Amino acid sequence: MTYLVGKIVLDVTAGAPNNGLGEDNVAKVKQLRIGRDVHPYVSAQAFRRWLRDSLPAAEPASPVVRSGSGQKQQAYTQGRPDRYFDDDLFGYMVAVKGDKSKTCQRDTVLATGTFVSVAPRRPERDFGTMSRGFGAGENPVLHGHEFYSAELAGDVLLDLPRVGVFETDGTGLKVALPEPAAKEAQENGAEPVTFRGSSALRLTMDERRRRAALLLRTLTAIRGGAKQSMHYGDRTPAMILLAPIKGGVNPFTRVLGVRNDRVRFDADVLRAEIDAWADELEGPVYLGWAPGFLTEQRERVRSELADLVTTETVVIGHPRVLLGDLAERIERGERDTWFEDPKG
């Protein structure tokens, strides 16, 4: 039973990728306070939306159903993880009153944290006017918005044994595929299994490999964010740390810190966590680090971890190259044991 756990870092330069509630005529970025310090952030919901939108055009998205009105509105996807990659990996909740054949829920397979500025960064306010086409002497329309530069970091966990496996019984909303959807999925090739104490259906190994590989490749090619007309910027991760580990603990949440108001990657923390969790790690720690991001630190960390790099305990490279190679290994079946769950 293997989880891929770690951290993703976004490098935002003069951007406003995720806005909060505005005040008067000022669009404000999402931000939180820790004491007197201000930390801009991108919500997990926004990041997951970017990830969904970055999937290849040929990958079908689960259609959204909207019902009700006012405060009693509902919106949910089809709840068909057998058909749709995003229902499988991102989860859903379909609650149809009085219809148990459609009521179902799937907890997320891909867990993502909030992407918070590692170092405190106070957003700047940009002042603007709109006067185009106005007559002489007419007052312009005033408006403003916030933007910032920061390194945003969020934790991530992928429960690999759950990829392509859907519960068909349980209490309350724990059923991921109710009848008749489960019957249809089985007719289309899904295999009945017992998974973590519940009856479930499992897709073919080829499809499960494909979905895991697709997620890894998409993580390195994320695009999206607000204010692109004025604050367009690259949203592909500047750093991705992923490690295969048993049990789902993520020991790599503290590898980034702050020194002299600058973000710092702490190689000693990474080494200590690798040593502490060596009996749980099921492969190398992948450290995807984009060239040009914290450049001097990149070379320092490579030097400080030279012995771990030599033994391939840590693999350092470009995020797209590293995760692309891991995706290919998964597709070739070289990591099939990661999809197994001993609890069966």
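Keep in mind that what you see is a predicted model, and the values were worked out from it rather than measured.
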Does [X] pair with [Y] as a salt bridge, N-O distance under 4.0 Å?
X: Glu59; Y: Arg210; value: yes
X: Arg122; Y: Glu146; value: no
X: Arg196; Y: Glu167; value: no
X: Asp155; Y: Arg254; value: no
X: Arg271; Y: Asp275; value: no
X: Arg162; Y: Asp107; value: no
X: Arg300; Y: Glu296; value: no

Is atom CG of Asn260 surrounded by more than 12 heavy atoms (other residues, nucleotides or ligands) closer than 6.0 Å?
->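 No, not enclosed.
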Assess whether side-chain hydrogen bond (donor to acceptor under 3.5 Å, both in side chains) is satisfied between Thr204 and Asp206, documenting all intermediate values.
-> CA-CA 5 Å; Thr204 65; Asp206 282 348; 5.6 Å; no
Flag the pair Tyr41 / Phe115 as yes when their ring centroid distance falls below 6.0 Å, and as no otherwise.
->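 Tyr41 vs Phe115: aromatic centres not under 6.0 Å.
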Check: Tyr3 ring centroid to Trp338 ring centroid under 6.0 Å =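 Ring-ring flag for Tyr3/Trp338: false, centres at least 6.0 Å apart.
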Among side-chain atoms of Ser199 and Asp169, is any donor-acceptor pair under 3.5 angstrom?
->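 Side-chain D/A pair, Ser199 to Asp169: present.
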Go through the side-chain N and O atoms of Arg83 and Gln78 and say whether any donor and acceptor fall under 3.5 Å apart.
->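 Short answer, no.
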Can you measure from [atom1] ([X]) to [atom2] ([Y]) and round to the nearest 0.5 angstrom?
X: Ile8; Y: Leu219; atom1: CD1; atom2: CG; value: 5.0 Å
X: Arg121; Y: Asp37; atom1: CZ; atom2: CG; value: 10.0 Å
X: Leu326; Y: Leu4; atom1: CG; atom2: CG; value: 6.5 Å
X: Asp268; Y: Leu270; atom1: CG; atom2: CG; value: 9.5 Å
X: Asp87; Y: Thr77; atom1: CG; atom2: OG1; value: 3.5 Å

Restricting to pairs with a member in residues 310-323, which pass side chain to side chain donor-acceptor pair (under 3.5 Å), not counting sequence neighbours?
->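 Output for this query lists Thr311-Thr313.
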Is it possible for you to check whether Arg202 lies under 6.0 Å from the centre of the six-membered ring of Phe166, through NZ or CZ, and within 45° of that ring's axis?
->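 Because its charged atom misses either the 6.0 Å distance or the 45° angle limit, Arg202 does not stack over Phe166.
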